[in-house]
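Only heavy atoms go into these numbers, but all of them, side chains included; no hydrogens, no water, no symmetry mates.
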Amino acid sequence: MACPVGADVELAAKIISEGGLVAFATETVYGLGANSLDPIAVARVFEAKNRPQFDPLICHLSSREELNNIALNIPDVASVLAEQFWPGPLTMVLPKKEIVPDLVTSGLKTVGIRVPKHPLARKLIKLAGVPIAAPSANLFGKVSPTTAQHVADQLGDRIDYILDGGPSEIGLESTVIDCSSGIIKILRPGGLTNEELESVVGTVEMAKDSDHPHDQSQSSPGQLPQHYAPRTKLILEKIPKRPLNVSRAGLLSLTSPKNIDEFDAVEILSETNNLKEAASNFFSSLRILDEQELDCIIAVPFPEEGLGRALNDRLIRASQKD
Ligand code: TXA
Ligand code: MG
């Protein structure tokens with residue numbers, strides 16, 4: 001049975017405190033939330049998403065003042081980043097306190113933490129009175145949801161409520177950084193750009209596979225080679241050409257190429273070449289193309305700057321098939 005969808009934040013908070021599952025709007029993507037301090041509720045999150053338990057969840061707080069409740073040995077640089085970028089699309093991985101169950105962190109000694117910017121998300125966390133553990137509210141490995149309808153389509157019969165806060169403003173998941181050693185490493189590029197981070201902490205590095213807590217390169221799910229995947233085959237091409245050997249081909253591009261009319265379905269992410277607008281449209285456009293019975297989608301890579309880096313990361317992973 002499909003679960004209710006609405007903006008009743010009191011009801012949503014009650015469901016969380018009683019061990020239920022609530023998908024909720026954030027400014028990045030919709031999250032699938034449970035009381036992070038209740039291992040049985042957290043286990044239901046993994047089950048609803050078909051998510052492997054080696055993949056740790058982010059704990060969401062309603063304000064940065066709550067950081068000390070769940071993290072230990074917070075380096076100065078993390079406090080500076082929290083001051084600057086929370087609430088917002090930044091997840092910091094820090095040493096965890098005992099109170100955070102091992103299931104949330106997949107047995108790691110660290111926990112990913114974020115204060116979302118969306119006011120409804122923060123109200124939900126505040127009313128629930130506990131940190132909310134939430135991965136993106138999609139089936140594991142599939143395209144992330146940026147509207148309540150996207151969540152309902154994939155998870156509607158597996159969860160208890162969808163807290164509808166409108167379309168996600170940023171449209172890409174948070175940037176995940178490892179702060180546990182005091183040196184900043186980017187585990188997953190996302191809604192906060194390298195340029196923004198570097199304006200505060202100087203140079204940042206992209207993490208190597210060996211920096212990810214569990215080896216086999218799957219510690220940050222964003223790091224699984226195949227992720228964010230549509231059903232339709234996705235092919236990356238700098239100069240998009242319609243393949244001749246298929247009957248229906250789609251195009252996903254930042255701006256309109258000259259040969260746009262050759263394609264059977266087209267999603268242009270920002271006619272004005274604006275990467276912010278492109279990010280907010282990205283997952284919706286990927287879904288729209290995926291629903292059109294195409295033989296393939298030709299996707300044009302983004303400029304490798306600002307949000308373009310995170311967008312290219314998602315495109316590359318969406319193009320991998322196992
Ligand atoms: O924007 C977002 O981050 C959304 C919204 C709902 O907040 N959440 C999200 O969660 O994208 P999820 O589970 O789809 O991705 C969480 C990422 C994964 O790459 C995970 O491996 C990483 O954060 N992560 C979480 N805890 C970690 C830890 N202790 N060490 C390393 N990576 C961690
Ligand atoms: Mg996800």
Side-chain angles (χ1 to χ4, degrees), residues 2-9 12 15-16 20-34 44-51 55 57-58 60 89 91 112 114 116-122 124-125 132-176 188 190-191 220-222 224 226-232 234 252 267 269 276-292 297 307 310-311 313-315 317-318:
C3 73
V5 181
D8 188 342
V9 67
I15 294 172
I16 295 278
L21 299 188
V22 172
F24 62 101
T26 87
E27 75 282 11
T28 58
V29 299
Y30 274 65
L32 176 57
R44 290 189 62 206
V45 171
F46 284 94
E47 194 179 70
K49 278 192 60 133
N50 294 339
R51 177 168 169 131
D55 202 352
L57 306 183
I58 296 172
H60 296 73
T91 294
R114 170 167 119 79
K117 192 164 190 183
H118 198 303
L120 202 56
R122 272 184 289 139
L124 171 69
I125 304 163
I132 294 186
S136 50
N138 49 277
L139 291 169
F140 182 70
K142 299 296 177 199
V143 178
S144 298
T146 54
T147 66
Q149 187 62 51
H150 294 162
V151 181
D153 291 345
Q154 277 194 9
L155 297 176
D157 55 355
R158 298 173 173 218
I159 64 180
D160 301 307
Y161 191 68
I162 301 173
L163 186 61
D164 188 350
S168 296
E169 191 188 328
I170 296 178
L172 283 179
E173 298 85 347
S174 62
T175 300
V176 182
R188 177 180 72 181
S220 252
L224 280 168
Q226 194 225 323
H227 210 73
Y228 312 105
R231 280 169 302 159
T232 318
L234 191 118
L252 181 68
E267 286 290 310
L269 296 170
K276 266 196 174 152
E277 186 185 17
S280 71
N281 291 328
F282 180 72
F283 284 127
S284 282
S285 292
L286 203 51
R287 276 166 198 270
I288 291 170
L289 290 173
D290 203 23
E291 281 157 11
Q292 311 217 14
I297 300 167
L307 289 172
L311 284 163
D313 172 84
R314 306 302 187 266
L315 265 191
R317 291 176 206 284

Practice task
Assess whether side chain to side chain contact (heavy atoms under 4.5 Å, CB included) is satisfied between Leu32 and Ile159, documenting all intermediate values.
Solution key: CA-CA 9 Å; Leu32 176 57; Ile159 64 180; 3.6 Å; yes
Do [X] and [Y] come close enough that some side-chain heavy atom pair is under 4.5 Å?
X: Leu252; Y: Phe282; value: yes
X: Val29; Y: Leu172; value: no
X: Leu120; Y: Thr26; value: no
X: Arg188; Y: Arg314; value: yes
X: Gln154; Y: Pro145; value: no
X: Asn50; Y: Arg158; value: yes
X: Ser285; Y: Leu289; value: no
X: Lys276; Y: Leu307; value: yes

Could you tell me the separation between the [atom1] atom of [X] and the [atom2] atom of [Y], rounded to the nearest 0.5 Å?
X: Ser284; Y: Leu269; atom1: OG; atom2: CG; answer: 10.0 Å
X: Ile58; Y: Ile132; atom1: CD1; atom2: CD1; answer: 13.5 Å
X: Leu155; Y: Asp153; atom1: CG; atom2: CG; answer: 9.5 Å
X: Ile16; Y: Asp160; atom1: CD1; atom2: CG; answer: 8.5 Å

Practice task
Assess whether side chain to side chain contact (heavy atoms under 4.5 Å, CB included) is satisfied between Phe24 and Ile162, documenting all intermediate values.
Solution key: CA-CA 6 Å; Phe24 62 101; Ile162 301 173; over 6 Å; no
Please name all residues satisfying salt bridge (Lys or Arg N to Asp or Glu O under 4.0 Å) with [X], sequence neighbours left out, ordered by chain then number.
X: Arg287; result: none
X: Glu27; result: Arg114
X: Asp164; result: none

My understanding is that only residues two or more places apart in sequence, or in another chain, count here; which of them pass side chain to side chain contact (heavy atoms under 4.5 Å, CB included) with [X]?
X: Ala34; value: Leu21, Ala41, Val45
X: Ile288; value: Glu267, Gln292
X: Ala25; value: Tyr30, His118
X: Thr147; value: Gln149, His150, Pro167

Practice task
Walk me through it: do Ser280 and Glu169 pass the test side chain to side chain donor-acceptor pair (under 3.5 Å)?
Solution key: CA-CA 6 Å; Ser280 71; Glu169 191 188 328; over 6 Å; no
Exercise for the section: Could you pull out all residues at least two apart from Thr91 that satisfy side-chain hydrogen bond (donor to acceptor under 3.5 Å, both in side chains)? Expected result: Ser174
Practice task
Locate the shortest heavy-atom distance separating Leu139 from Ala48; write the atom from each residue and the value.
Solution key: CD2-O, 3.8 Å
Handout entry: Pair Glu173-Ser136, side-chain donor/acceptor within less than 3.5 Å
Key = no
Exercise for the section: For the pair Leu57 and Arg51, evaluate side chain to side chain contact (heavy atoms under 4.5 Å, CB included) and give the outcome as yes or no after the intermediate values. Expected result: CA-CA 10 Å; Leu57 306 183; Arg51 177 168 169 131; 3.6 Å; yes
Exercise for the section: Would you check, one step at a time, whether the test side chain to side chain contact (heavy atoms under 4.5 Å, CB included) holds for Cys3 with Tyr161? Expected result: CA-CA 6 Å; Cys3 73; Tyr161 191 68; 5.5 Å; no
Exercise for the section: Taking only Lys NZ, Arg NE, NH1 and NH2, and the carboxylate oxygens of Asp or Glu, determine whether Asp290 and Lys142 approach each other closer than 4.0 Å. Expected result: no
